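Okay, structure first, notes after.
Quantities reported herein were computed from a predicted structural model and do not represent experimental measurements. Worth knowing before you read on, the calculation uses all heavy atoms, side chains too, and leaves out hydrogens, waters and symmetry mates. Start at 1 and go down the list; that is how both ligands and their atoms are numbered.
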Amino acid sequence: MQTLTLTRPDDWHLHLRDGAALKAVLPHTARQFARAVVMPNLKPPVRSVADAAAYRERILAALPAGSQFEPLMTLYLTENTRPEEIVAAKASSFVKAVKYYPAGATTNSDLGVADLRRCDPIFETMERLDLPLLLHGEVTDGCVDIFDREKVFIEKYLIPLISKFPRLRVVLEHVTTADAVQFVLSAPATVAATITPQHLLFNRNALFQGGLRPHFYCLPVLKREEHRAALLQAATSGNPKFFLGTDSAPHPRGSKESACGCAGCYSALHALELYAEAFESADALDKLEGFASFHGPDFYRLPRNTEQITLNKTTWRIPEELPFPESGLAPLRAGEEITWQMA
Ligand code: DOR
Ligand code: ZN
């Protein structure tokens, strides 16, 4: 296949940051995607509808002239979030979901939730109003091996959560394991999952290929090959429970190439090309449009996009570095060739 025409996709999990960083990365996403679910883990986090409205205005102001890109906003759940905020979120036209971060799990998650069960009154309200809950599905208990944190989260928190709130719509974000795939497949239609390009293309060996590779470090961390294979199978199966969420998460190079490097892979520049490579490797390019353009809006009950985009089978080299505050930004697979290119 030499060209691939798709309905314009959306990114259902994205980190845009703020200020100069936002300005640097937003054009990449706006070029590829019509909409994106914007994560609220700013410093301080986006905790109220007023915060989300202000952040949305800053995003719209940072867009390239003429862009029609639509940011879909989220609230950052804390143990102090009040049900009234959920009511206001649902009444707003722009807050589409609430994001749960386990306290201490990842970038800017210190104000997250220490025990999910303390948020039951919030989940009751979200279930009643039908506002989706987005989960960073990992436990943070230091006794749990980092490669097991997703599996333990599912057993300890997620299974009880969905049995308690059977009508709550839940997205298990950036799934990384065969266990998560199995769980999502066996769960009711209210439960879906996003999958990143890095988890489809790489296993944990990528972190140690010839030396320590900080640009492949994200959370949840890459897993064994058997897990990558299960994710690729799920993404390319055509099952509407699985959809595109890049988790593109920019950090300055210096914050990643460090004695204590930040988690996050930057893929917004070339996300569709990365997904196309993954789908092509499974001989499933015909399933890319459903995953990238249909399953997400169907789950969120938003209209599908109508515009189209084209990818050409052309080899190009991913830049070594992109402009970004402080020390530049290394895109995923910087300096390497990629075989698809968005027209
Ligand atoms: O790798 C990650 N980076 N995982 C997350 O959950 C957060 C993200 C970020 O904000 O940098
Ligand atoms: Zn994320």
Side-chain angles (χ1 to χ4, degrees), residues 10-19 21-22 24-26 28-29 33 36-46 55 59 71-77 96-113 132-140 146-147 149-150 153 170-177 180 192-202 204 206-207 213-223 243-258 260-268 271 274 296 324-327 329-332:
D10 305 300
D11 185 350
W12 300 94
H13 185 127
L14 176 67
H15 297 270
L16 283 176
R17 314 304 190 205
D18 212 342
L22 165 65
V25 298
L26 181 61
H28 298 154
T29 291
F33 298 103
V37 171
V38 180
M39 290 299 131
N41 62 331
L42 303 182
K43 242 181 169 153
V46 178
Y55 185 30
I59 296 168
L72 307 173
M73 309 308 291
T74 58
L75 297 189
Y76 183 111
L77 183 66
K96 301 299 184 190
V98 174
K99 177 73 188 284
Y100 159 82
Y101 285 102
T106 187
T107 308
N108 301 342
S109 63
D110 19 311
L111 291 174
V113 175
L133 174 65
L134 315 182
L135 298 172
H136 182 110
E138 288 193 291
V139 295
T140 51
I146 188 162
F147 294 101
R149 288 181 180 183
E150 184 173 271
F153 177 84
V170 172
V171 184
L172 188 53
E173 298 291 337
H174 40 53
V175 287
T176 62
T177 57
T194 54
I195 310 183
T196 77
Q198 64 267 24
H199 292 101
L200 292 177
L201 289 167
F202 303 106
R204 64 192 193 178
L207 286 160
R213 303 266 190 167
H215 298 291
F216 289 92
Y217 173 57
C218 66
L219 286 170
V221 72
L222 295 172
K223 305 295 193 300
F243 44 85
L244 186 159
T246 62
D247 199 15
S248 179
H251 292 275
R253 177 184 291 278
S255 307
K256 294 207 45 91
E257 297 173 5
S258 147
C260 187
C262 294
C265 297
Y266 187 69
S267 60
L274 292 164
F324 195 73
E326 293 175 40
S327 46
L329 175 61
L332 186 64

*How would you list, by chain and number, every residue that makes a side-chain hydrogen bond (donor to acceptor under 3.5 Å, both in side chains) with Arg149, sequence neighbours excluded?*
none

*With side chains defined as the heavy atoms from C-beta onward, is the minimum distance between Ile195 and Thr176 less than 4.5 Å?*
no

Distance to 0.1 Å, residue and atom name: give those for the protein heavy atom nearest to [atom].
atom                   : value
atom 3 (N) of ligand 1 : Ala263 O, 3.0 Å
atom 1 (O) of ligand 1 : Leu219 N, 2.8 Å
atom 5 (C) of ligand 1 : Thr106 OG1, 3.0 Å

*Looking at ligand 1, does His251 have a heavy atom less than 4.0 Å from it?*
yes

*Does ligand 1 have any atom sitting under 4.0 Å from a heavy atom of Lys99?*
no

For ligand 1, which is the ligand I care about here, please tell me if [X] has any N or O atom under 3.5 Å from one of the ligand's N or O atoms.
X      : answer
Gly264 : yes
Arg17  : yes
Tyr217 : no

Please confirm whether the backbone N or O of [Y] pairs with a side-chain atom of [X], one donor and one acceptor, at under 3.5 Å?
X      : Y      : result
Thr74  : Val38  : yes
Arg17  : Pro250 : yes
Tyr266 : Leu329 : no
Asp11  : Thr246 : yes
Lys256 : Cys262 : yes

Close-contact set for ligand 1 against [X] heavy atoms, below 4.0 Å:
X      : answer
Cys218 : 1 (O)
His136 : 6 (O)
Asn41  : 9 (C), 10 (O)
Ala249 : 3 (N), 8 (C), 9 (C), 11 (O)
Asp247 : 4 (N)

*To the nearest 0.5 Å, what is the distance between CG (Leu135) and NZ (Lys99)?*
8.5 Å

*To the nearest 0.5 angstrom, please state how far the CG atom of Leu14 sits from the CH2 atom of Trp12.*
12.0 Å

*On the ring face of Phe324, is Arg253 found with NZ or CZ under 6.0 Å from the centre and within 45° of the axis?*
no

*Measure up the His136 and Tyr101 rings against each other and bin them: parallel (under 30°), tilted (30 to 60°), perpendicular (over 60°).*
tilted

*When you check the space around the Zn ion (ligand 2), which protein N, O or S atoms turn up under 2.8 Å?*
His13 NE2, His15 NE2, Asp247 OD1

_Are His199 and His174 an aromatic pair, judged by ring center distance below 6.0 Å?_
no

